[in-house]
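Structure first, commentary second.
Basis for what follows: all heavy atoms, side chains included, without hydrogens, waters or symmetry-related copies.
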Amino acid sequence: MFIQQLINGLMLGSTYSLVAIGYALIFGVLGLLHFAHGEVLMVGAFMGLYIILWTGLPLYIALPLTMVVTGILGMIIQFLAIRPLKKNFHLAPLLSTIGVTIILQNLAVKIFGGYGTRFPDTIAMDNIMLGPYMVSSVKLIIMGISLLLMVIFYLIIKKTKLGKAMRALAESHLTAGFLGVNVERTVFLTFGIASALAGAAGVMIGVSYSAISPFIGLTFALKGLVVMLLGGMGNVVGAMIGGLILGVAEVLSITLLPTEVNLQDIFSFGIMIIILIFKPTGLFGSKQN
Amino acid sequence: MLSIKDVSAGYGKSLAVHDVSLEVKKGEVVVLLGANGAGKSTILRTISGAIKPAKGQIFFDGQQITGKKPHEIVQRGVIHVQEGRGILSRMTVRENLEMGAFLRSDSEGINCDLERVFKKFPRLQERLGQSAGTLSGGEQQMLAIGRGIMANPKLLILDEPSLGLSPAFVEFIFESIREFREKDHYTILLVEQNANQALEVADRGYVLQTGRLVMEGTGQDLLCNVDLQQAYLGGGCTT
């Protein structure tokens with residue numbers, strides 16, 4: 001029973017991690033809260049859904065396709081709503097991305113309707129016996145893919161030139177430029193990568209919840225924010241671990257305190273406030289900005 | 001090699017330098033002197049593309065580089081070692097050095113330059129895996145200069161390399177610059193507060209006062225210039 005809940009928690013948490021990595025990456029590189037990040041996830045969920053519905057492509061093709069689409073969406077948002085802003089007005093990017101949030105949400109309502117849409121059963125729903133524990137294969141697959149994406153992302157950050165350029169930017173745009181980093185292009189690609197991960201999280205959430213609506217963005221945007229605070233602002237590794245912690249904590253809170261009320265969210269946002277009060281740098285240290 | 005013609009530049013609408021023209025020839029060490037706020041760093045940042053000049057032109061190797069982006073200027077071989085060192089403190093010493101060679105792909109040349117850096121600054125080799133933020137001020141300065149070398153610079157711009165260092169380290173840094181000039185034949189544009197020491201290693205110097213060039217000459221000339229010494233260098237002629 002406990003192991004089963006643990007796996008449920010890790011699955012949920014790994015999707016939180018994917019969202020929070022994007023937040024942390026963008027916050028780290030630009031010192032900016034990308035409020036529309038949750039809507040990119042929502043678009044990803046719908047993209048994944050419709051690619052599967054219309055083309056019948058399997059998940060392992062629909063997922064990377066969705067990531068490409070949301071990656072491009074993220075870069076478009078950066079290009080249209082963030083890059084042209086004056087640098088000396090700090091509220092501008094936050095307000096601008098809130099604007100993008102509302103635009104994307106309303107477009108989604110217009111296109112997909114305001115009600116929930118069901119995700120088709122793309123993955124065989126067999127349950128797998130792990131020793132004495134029954135675990136749904138969907139959840140295992142989602143967890144596996146999420147963890148795999150995190151490993152790939154981590155390697156990109158640690159080993160590739162692009163990753164090193166992003167880490168240099170996170171410390172100082174001026175220094176990065178003097179070292180030969182193309183600052184504008186790297187910021188642009190940062191949005192692409194962050195948004196691709198959000199899109200992946202969207203597909204995974206769609207598959208595991210089996211119903212999505214244009215309003216899921218805000219929930220996950222806020223959860224991603226909680227996770228980033230938990231892991232430390234701008235700390236991508238903190239975001240990965242923080243997501244898993246929050247996922248497990250939420251699932252355990254439901255199991256241990258079963259009530260009619262949605263304790264899960266009270267619990268997460270309670271954590272957020274406690275972190276803000278007692279450990280504003282998060283569990284794993286935050287980027288000073 | 002580098003020539004600046006009538007450049008005026010600054011932050012926003014207020015100009016910090018006015019109509020500055022200066023030149024650095026291949027193989028020269030040129031020092032730019034001036035009090036705090038005279039506009040030295042502004043000139044350097046304008047050369048390396050962090051500030052767009054309000055007026056004037058900058059040429060490097062005969063090509064116009066005015067208004068180009070910093071990474072495009074790095075591409076041409078102008079490497080700016082920032083004041084305050086600009087160390088990437090959360091990256092390791094090795095990663096910092098690798099970032100110096102960010103635009104290079106000649107792995108043989110990169111390895112060769114890495115060896116060169118280790119030879120000059122053996123301390124860095126001992127600390128390769130350490131995160132750069134844990135280095136002492138002097139070690140960070142070595143790292144900053146070493147990172148500049150990793151870029152295989154045609155022109156190395158050093159902004160106040162001796163700032164905030166202990167006297168022994170200051171001596172060491174000037175010794176390194178002398179070596180760059182005599183052994184490695186680097187072309188260097190140097191900004192320094194330590195005017196006397198800087199003039200001793202420099203071929204030529206310019207003096208900047210509240211954003212305008214007021215004097216220029218060879219290192220020896222400036223070192224022996226009575227006005228300059230009285231105005232603010234406070235040292236004396238050694239010959």
Verify, without hydrogens or angle tests, whether A/Lys161 (side chain) and B/Phe102 (backbone) share a donor-acceptor contact under 3.5 angstrom.
yes
Atom CZ of B/Phe169: over 12 foreign heavy atoms under 6.0 Å:
yes
With the threshold set at 4.0 Å, does a side-chain nitrogen-carboxylate oxygen contact exist between A/Lys164 and B/Glu98?
yes
A/Val183 vs B/Lys69, test: side-chain contact (heavy atoms from CB on, under 4.5 Å). Steps then yes/no.
CA-CA 9 Å; A/Val183 175; B/Lys69 298 256 167 60; over 6 Å; no
Which region of B/Glu95, side chain (C-beta onward) or backbone (N, CA, C, O), has a non-hydrogen atom less than 4.5 Å from a non-hydrogen atom of chain A, or is it both or neither?
side chain
Does B/Lys52 NZ have over 12 foreign heavy atoms under 6.0 Å away?
no
What part of B/Ile87 gets within 4.5 angstrom of chain A, counting heavy atoms only: side chain, backbone, both, or neither?
backbone
Beyond-backbone contact of A/Thr175 with B/Gln82, side-chain heavy atoms, under 4.5 angstrom:
yes
Distance-minimising heavy-atom pair for A/Ala168 and B/Met99
CB-CE, 3.7 Å
Taking everything shown except A/Phe269 itself, do over 12 heavy atoms lie less than 6.0 Å from its CZ?
yes
Quick one: does A/Leu179's side chain get under 4.5 Å of B/Val74's, heavy atoms only?
no
Assess whether atom NZ of A/Lys279 is packed by more than 12 heavy atoms of other residues, nucleotides or ligands within 6.0 Å.
yes
Can you establish whether the number of heavy atoms outside A/Phe153 located under 6.0 Å from its atom CZ is more than 12?
yes
Side chain of A/Glu171, backbone of B/Ser89: donor and acceptor closer than 3.5 Å?
yes
For A/Arg185, does the CZ atom sit with more than 12 other heavy atoms under 6.0 Å from it, leaving out its own atoms?
no
Evaluate whether atom CD of B/Glu108 has more than 12 neighbouring non-hydrogen atoms of other residues, nucleotides or ligands under 6.0 angstrom away.
no
Structural part of B/Arg104 lying under 4.5 Å from a heavy atom of chain A:
backbone
Would you check, one step at a time, whether the test side-chain contact (heavy atoms from CB on, under 4.5 Å) holds for A/Arg167 with B/Arg90?
CA-CA 8 Å; A/Arg167 282 155 63 207; B/Arg90 277 173 290 164; over 6 Å; no
